[in-house]
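To start, the structure itself, in structure tokens.
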Amino acid sequence: MSVGKTVLELEDVNKTFGAVNALSGIRLSVLAGEVVALVGDNGAGKSTLVKIAAGVIPPDGGKIHFDGEVVDFRGPMDATKAGIAVIYQDLALCDNLSVTANLFLGREIQNSAVSPLNEEAMESKVLELLSELNVGQIKEIDIKVGSLSGGQRQTIAIARSLIGQPKVVLLDEPTAALGVAQKVEVLKLIRRLADRGIGVVVISHNISEVLEVSDRVVVLRLGKVVANFETKNITSDDVVAAITGSKSFS
Amino acid sequence: MSNQIQSIKVWFRNQLTADFSVLPVGISLLFLSIIFQSLNNRFLSGENLANLISQNVPLALIATGSVLMLLIGEIDLSVGVVSGLCASIVISLNVTKGWSPLSSIAVGLIVGALIGLSNGFFVTKFGLPSFVVTLAGLLTWQGVQFTVLHSSGTINLPDGFISSLMSTYLSKNMGYLFALIALGIYALSILNNFRKRKNANLKARSVQASILKFTVLAVIILGLVRLLNASRGVSAAMVFLLVVVTIIDYVTRRTKFGRNIFAIGGNLEAASRVGINVKRIKISVFVLGALLASLGGIFASSRLLAVSTQSGGSDLLLNAIAAAVIGGTSLFGGRGSVWAAILGALVVGFISNGMDLMSFDSETKLIVTGLVLLAAVSIDSVLRSKYRKRG
Ligand SMILES: Nc1ncnc2c1ncn2[C@@H]1O[C@H](COP(=O)(O)OP(=O)(O)O)[C@@H](O)[C@H]1O
Ligand SMILES: [Mg+2]
């Protein structure tokens with residue numbers, strides 16, 4: 001596995017909601033080509049961290065470096081344009097639209113601004129992308145997304161994030177709602193994203209899954225980073241101990 | 001054998017899960033034709049069909065707007081009144097004030113567009129449900145319509161451009177020419193699609209299915225022209241309706257604007273997350289819907305050769321929404337086609353006209369139309385839940 005330079009770095013990021021310190025002094029870096037698992041108890045601040053990196057909410061303090069530059073995202077579109085893709089738990093797919101239409105939603109290919117949609121160009125790109133990702137389960141791309149299974153929908157959501165050629169992909173609990181076989185498929189897919197040189201951040205509650213898919217495990221507890229493990233050096237007991245705070249790792 | 005059954009099943013499933021399936025409404029039309037024709041053999045005569053179509057062109061125009069509204073997950077309850085108000089403005093400017101027909105029509109359409117703009121503004125700016133905003137509009141515009149017609153109550157339309165909208169018919173040859181041009185354009189678009197897919201190295205669509213679709217359409221269109229030519233011929237209003245619906249259908253299926261409409265109706269949250277300007281699209285659709293309602297009103301006044309305080313009232317609103325839904329447009333947003341408006345309007349028209357021929361009273365007609373609407377809504381709901389398997 002080829003891990004490259006740092007693509008995303010948070011430096012002393014803080015966020016409070018009223019009296020709650022959702023995040024304080026967060027330092028986190030994500031390298032190109034690695035999978036970082038973000039774990040922690042409910043309310044630890046995982047989703048808040050992802051939302052800040054995605055430009056959905058602004059941090060109260062601290063800096064975000066992306067691809068070597070300090071960035072100040074004014075909204076999610078800024079982050080998307082810069083090259084950060086987010087896959088939320090609810091996936092946000094349009095069930096009434098085809099696989100192709102969903103993948104290109106909001107950035108359809110047209111020959112010019114006033115031209116009709118170039119369906120053929122979009123379909124070709126989708127076929128190419130799906131075969132690159134080696135996802136065999138999706139055979140028809142003009143089928144409506146509403147008739148696909150949960151795992152297939154998750155795959156579509158992940159594939160969609162790749163249309164914009166992102167450098168970082170953030171996934172909030174991508175396997176929470178899936179069956180066993182589908183989980184395996186999605187984990188493989190996440191691994192393949194990293195193999196393409198993308199920096200991947202995965203939020204997950206499932207520790208065995210975290211150990212299986214990640215290169216590093218970052219543990220949040222009460223809004224602070226309490227551990228930053230190399231996955232190959234640890235066991236699930238270490239992760240649990242860090243999450244619950246029964247043992248200190250810093 | 002079981003293989004064949006399997007492929008028929010798959011075909012049916014694809015039909016039912018498609019954006020828009022003509023299957024239910026097509027079967028309804030066939031069924032109604034058979035019943036009414038067997039009860040009264042004048043039903044499918046050229047004269048009666050010409051009558052039926054001209055009765056329903058205004059309804060189909062208004063229903064086309066209702067389809068667009070339903071596609072974005074909204075509803076406009078003021079379309080009937082808006083059609084009546086705009087027609088009243090147009091006729092009163094033309095007849096009472098002596099304005100030229102075209103400038104009167106232009107003013108009427110501008111008023112319609114402004115009403116749509118105002119509806120869209122209140123819905124998107126304040127997040128109000130569209131049924132409330134347009135219900136308020138229904139009362140307001142009704143009041144304005146009464147004011148416009150105040151001095152007279154009814155204005156009769158003399159011979160002229162506006163009255164000719166509904167009374168112009170193509171010559172027999174022109175009727176066939178129109179049919180052939182329409183079929184030619186359709187054939188070219190199919191061929192063009194095959195060529196583009198081939199150039200992009202994509203899997204070709206089924207040739208048999210394309211030929212079948214084309215043949216069915218050709219038989220229906222040429223047969224219809226032949227029937228109509230046996231009487232007064234193809235009406236200009238019908239040609240106008242078909243051209244309008246073809247253009248809007250193209251816009252909804254082949255342009256970015258149309259794709260955004262379906263996305264908003266399918267999943268509002270997803271649409272706004274990918275940066276679609278939801279407010280702008282919604283307001284545009286409110287304007288389009290109101291414009292189509294205004295056009296429908298103008299055609300209705302042309303048919304009745306008058307406007308009155310009754311114009312746009314009675315069951316017009318419900319029939320427009322019924323036509324959209326019976327035609328296969330989902331009440332839940334994001335599923336349907338503007339062709340549903342025409343097919344649904346035909347079902348509503350078939351029921352009304354067929355029962356007229358059998359001299360049923362209007363009470364029975366209302367009940368039957370209501371039941372058909374209920375059936376259509378139930379089918380919509382069942383399809384929606386049945387074909388959303390998850391796992
Ligand atoms: N929009 C918000 N307003 C107020 N408090 C919030 C908001 N979002 C998150 N919080 C609080 O911030 C803390 C971290 O939340 P979150 O990031 O969602 O945790 P996690 O995803 O790790 O479960 C929690 O105490 C939560 O209640
Ligand atoms: Mg969370």
Side-chain angles (χ1 to χ4, degrees), chain A residues 54 56 75-78 80-81 86 88 90-98 100-110 113-128 139-153 157 160 163-164 177-179 181-182, chain B residues 10 13-14 16-20 71-73 189 192-205 250-278 330 332-336 383-391:
Chain A
V56 175
M77 293 314 287
D78 284 358
T80 310
K81 282 198 194 105
V86 193
Y88 295 98
D90 64 359
L91 302 185
L93 297 172
C94 290
D95 284 346
N96 60 330
L97 293 179
S98 69
T100 309
N102 267 286
L103 286 177
F104 278 96
L105 198 62
R107 51 194 161 197
E108 290 84 0
I109 300 180
Q110 295 163 284
V114 290
S115 306
L117 302 175
N118 189 339
E119 300 280 2
E120 292 75 24
M122 291 193 275
E123 275 192 34
S124 305
K125 277 205 82 171
V126 171
L127 289 172
E128 191 186 309
K139 291 181 188 70
E140 274 180 83
I141 58 171
D142 44 16
I143 198 168
K144 302 276 169 277
V145 162
S147 60
L148 298 178
S149 71
Q152 290 171 322
R153 293 162 60 80
R160 173 164 75 173
I163 294 279
L178 303 183
Q182 296 178 341
Chain B
V10 168
R13 227 195 80 151
N14 287 343
L16 294 174
T17 51
D19 260 359
F20 164 60
L71 283 180
I72 56 165
S189 81
N192 191 31
N193 189 269
F194 271 98
R195 186 185 54 81
K196 283 200 288 193
R197 291 186 71 82
K198 187 156 184 263
N199 288 347
N201 284 321
L202 293 167
K203 200 171 70 186
R205 299 215 190 283
Y250 182 84
V251 169
T252 50
R253 287 186 310 116
R254 295 275 176 252
T255 69
K256 187 156 177 143
F257 175 66
R259 184 59 51 84
N260 290 345
I261 288 179
F262 278 92
I264 289 171
N267 188 339
L268 188 68
E269 177 69 26
S272 52
R273 267 194 221 162
V274 297
I276 292 173
N277 190 335
V278 172
S330 173
F332 304 101
R335 290 203 317 140
L383 286 184
R384 188 178 123 97
S385 51
K386 183 158 183 197
Y387 292 96
R388 270 170 57 128
K389 71 161 171 40
R390 280 291 153 71

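Throughout, a chain's letter reflects where its sequence line sits, starting with A, and its residues are numbered from 1. Computed from heavy atoms alone, side chains included, the values below leave out hydrogens, waters and symmetry copies. Because the structure is predicted, anything quoted here is derived from the model rather than measured.
Of all the heavy atoms in A/L105 and A/C94, the pair that sits closest is CD2-SG, 3.8 Å.
The part of A/R107 that comes within reach of chain B is its backbone (N, CA, C, O), which places non-hydrogen atoms under 4.5 angstrom from that chain. Using a 4.5 Å cut-off between heavy atoms, A/Q110 touches chain B through its side chain atoms alone. Heavy atoms of A/L178 lying under 4.5 Å from chain B are absent altogether. Proximity to chain A (any heavy atom under 4.5 Å) is shown, for B/F257, by neither the backbone nor the side chain. Of the atoms belonging to A/N102, not a single heavy atom falls under 4.5 Å from chain B. For a residue to count as touching a neighbouring chain, one of its non-hydrogen atoms must lie under 4.5 Å from one of that chain's; by this rule A/T80 does not touch chain B.
B/R259 has a carboxylate O that lies under 4.0 Å from a charged side-chain N of A/E119, or vice versa, which qualifies the two as a salt bridge.
Residues A/R160 and B/V274 are in side-chain contact: their nearest non-hydrogen atoms beyond the backbone lie under 4.5 Å apart. Looking at A/V126 and A/E123, their side chains never come closer than 4.5 Å, going by heavy atoms from C-beta outward. Counting heavy atoms from C-beta outward, B/N193 and A/E120 have side chains that approach closer than 4.5 Å.
In terms of heavy-atom pairs under 4.5 angstrom with chain A, the leader among B/I276, B/N260, B/L202 is B/L202. Ranked by non-hydrogen atom pairs under 4.5 Å with chain A, the options B/A271, B/G266, B/G265 are led by B/G266. Contact tally against chain B (heavy-atom pairs below 4.5 Å) for A/P116, A/A121, A/S115: the top residue is A/P116.
In this structure, the separation between CG on B/N199 and OG on A/S124 is 10.5 Å, given to the nearest 0.5 Å.
In this structure a side-chain-to-backbone donor-acceptor pair under 3.5 Å is missing from B/N267 to A/A92.
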